[in-house]
Amino acid sequence: MDTQILQIDENSLRLAKEIILNGGVVGMPTETVYGLGANAFDTAAVESIFKIKGRPNDNPLIVHVHKDYDINTLVKDIPEYAKLLAKAFLPGPLTMVYKSRGKVSKTVSCGLDTLAIRIPSHEGAQKFLKYVNLPIAAPSANVSKHVSPTSAEHVLKDLNGRIQLILNGGNSIGGIESTVLDCTGDVPVILRNGLITRDMIAQVAGDCQEYVYKDGMRALSPGMKYKHYSPVCRTVLFSYNEISRAEEEYKTEINKGVKAFILCDGVTAEKINAENVLNLGKTESEIAANLYSKLREGEEKAELIIAVAPEKQDGIMVGVMNRLSKACAKG
Ligand code: AMP
Ligand code: MG
């Protein structure tokens, strides 16, 4: 199968709709990362997403809808705080988990009685979702466990020959996946950190808890237990206080003839003594937006990525650190 990358226009949207209605999958842009979308009502189509990505079959998918879609047809028991949050942050990088009405294929939620819904703000994503006017189940459009894609080219690299069409909506400006928020209880609970932070949610909802997965526990958000976001080369992660250890490791490896690169934020890049640097940028938004593209650049150039954590660890850096530590995790 040939994989085409097309700009979003009437023609490509028509083709995308045809593919979706025929049970196929389409690569689609969002403001966070690119998604691999299929009709959420079509079990065979949803199953093919898992197959194409090599995704574990207990890791549920998020359903994407356009901003005027009536989500009450898909989910029930939407609490008042969730309505306030939706008003404040949607369309945008916030996924909300509700009690499902069981209308979409059971495969989407891997048998859970809940459904995760997202309304992306990306203009191209909105156009596509409006054009098909269906709930689109979509995980990130990468091979499972690999670095998530933030451009159409990244999707092509991972899925060339496995899908027919990638809608090209430019680089994803957010850069890390949406915040996943459980809205089935009295208080919202963060299942995955992202660009909408705990403080932002608490300010609107009055309170916000965070679910921390520990090995062996029943996973509320099954995706969080897996190694993830990983480049194909070796990786090692140092904390911000260990810059000199990172430098030493870099020197030792370079002297051994290993192609080592330091991955760090702009502040560390200025002071670190190394020639090969993957600079994530200075502001928090830049760091989030560049994380995956720099990890992908790194795996092309380097045999070893030596990552140094940013100094700041709160706000959206919580989500960034979660991705970075999983990218550098062993096993
Ligand atoms: P991805 O599609 O790769 O961005 O991952 C989607 C994330 O949303 C994973 O961490 C899933 O575990 C989580 N998720 C999707 N649906 C649900 C759900 N019904 N309940 C809890 N977490 C969910
Ligand atoms: Mg993913």
Side-chain angles (χ1 to χ4, degrees), residues 32-33 140 142-143 145-151 154 157 171-177 192-195 197-198 210 212-215 224-331:
T32 58
V33 302
S140 50
N142 52 290
V143 168
K145 300 191 174 60
H146 190 219
V147 185
S148 303
T150 53
S151 71
H154 291 166
K157 255 230 145 102
N171 292 339
S172 302
I173 56 167
I176 59 171
E177 293 82 351
R192 175 175 74 186
N193 286 286
L195 298 172
T197 65
R198 184 173 178 172
E210 194 172 330
V212 182
Y213 174 76
K214 298 203 181 73
D215 274 350
M224 298 313 286
K225 69 186 179 195
Y226 294 109
K227 176 181 161 75
H228 236 119
Y229 321 116
S230 310
V232 293
C233 63
R234 280 193 296 135
T235 49
V236 53
L237 173 62
F238 289 97
S239 71
Y240 181 77
N241 297 325
E242 297 173 318
I243 293 179
S244 53
R245 280 190 56 205
E247 270 173 337
E248 265 169 48
E249 171 104 4
Y250 173 82
K251 235 186 275 161
T252 310
E253 294 293 329
I254 291 284
N255 287 339
K256 280 197 273 183
V258 173
K259 270 188 261 164
F261 276 72
I262 304 251
L263 175 94
C264 60
D265 68 14
V267 179
T268 302
E270 271 171 18
K271 57 184 178 196
I272 203 150
N273 191 6
E275 207 163 283
N276 301 337
V277 174
L278 298 158
N279 186 341
L280 294 169
K282 275 198 178 153
T283 66
E284 288 179 49
S285 316
E286 278 170 355
I287 294 169
N290 293 328
L291 180 67
Y292 290 139
S293 59
K294 289 293 170 186
L295 283 169
R296 280 180 179 256
E297 187 184 328
E299 71 180 2
E300 304 238 313
K301 293 180 172 169
E303 292 165 313
L304 171 66
I305 296 176
I306 300 169
V308 179
E311 181 175 23
K312 210 164 165 292
Q313 296 278 310
D314 58 354
I316 66 173
M317 288 300 112
V318 178
V320 168
M321 275 314 294
N322 165 271
R323 285 15 176 235
L324 190 55
S325 40
K326 288 205 171 166
C328 298
K330 293 193 172 61

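Everything numeric in this text was worked out from a predicted model, so none of it was measured.
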Are the side chain of [X] and the backbone N or O of [Y] linked by a donor-acceptor pair below 3.5 Å?
X: Arg323; Y: Tyr229; answer: no
X: Asn171; Y: Ile173; answer: no
X: Tyr250; Y: Glu275; answer: yes
X: Asn142; Y: Ser148; answer: no
X: Thr283; Y: Glu286; answer: yes
X: Glu253; Y: Val258; answer: no

[X] versus [Y], closest heavy-atom pair with distance:
X: Val277; Y: Ala269; answer: CG1-CB, 4.0 Å
X: Leu295; Y: Ala327; answer: CD1-CB, 4.1 Å
X: Glu311; Y: Asp265; answer: N-OD2, 3.9 Å
X: Ala307; Y: Leu324; answer: CB-CD1, 4.1 Å
X: Asp314; Y: Lys312; answer: OD1-NZ, 2.8 Å
X: Cys328; Y: Thr235; answer: CA-OG1, 3.3 Å

Sidechain N-carboxylate O distance under 4.0 Å for [X], [Y]:
X: Arg245; Y: Glu248; value: no
X: Lys157; Y: Glu300; value: yes
X: Lys301; Y: Glu297; value: yes

side-chain contact (heavy atoms from CB on, under 4.5 Å) between Val308 and Glu242, worked out: CA-CA 8 Å; Val308 179; Glu242 297 173 318; over 6 Å; no

Close side-chain approach of [X] to [Y], heavy-atom, < 4.5 Å:
X: Ser325; Y: Leu237; answer: yes
X: Thr197; Y: Val318; answer: no
X: Ile287; Y: Met317; answer: yes
X: Ser293; Y: His154; answer: yes
X: Val33; Y: Tyr292; answer: yes

Return the [atom1] to [atom2] distance between [X] and [Y], rounded to the nearest 0.5 Å.
X: Tyr240; Y: Met321; atom1: OH; atom2: CE; answer: 13.5 Å
X: Ile262; Y: Thr268; atom1: CD1; atom2: OG1; answer: 9.5 Å
X: Thr150; Y: Lys294; atom1: OG1; atom2: NZ; answer: 11.0 Å
X: Glu299; Y: Cys233; atom1: CD; atom2: SG; answer: 6.5 Å
X: Ile305; Y: Leu263; atom1: CD1; atom2: CG; answer: 6.0 Å
X: Asn276; Y: Ile306; atom1: CG; atom2: CD1; answer: 9.5 Å

Apply salt bridge (charged side-chain N to carboxylate O under 4.0 Å, His left out) to residues Glu210 and Arg198 and explain how you reach the verdict. CA-CA 8 Å; Glu210 194 172 330; Arg198 184 173 178 172; 3.4 Å; yes

Any chance CG of Asn273 has more than 12 other-residue heavy atoms, nucleotides or ligands included, within less than 6.0 Å?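 Count not over threshold, so no.
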
Any donor-acceptor N or O pair under 3.5 Å, side chains Glu177, Ser140: no

When you compare the side chains of Thr252 and Asn255, does any donor N or O come within less than 3.5 Å of an acceptor on the partner?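 No.
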
Which residues pass the side chain to side chain contact (heavy atoms under 4.5 Å, CB included) test with Glu270, not counting sequence neighbours? Lys282

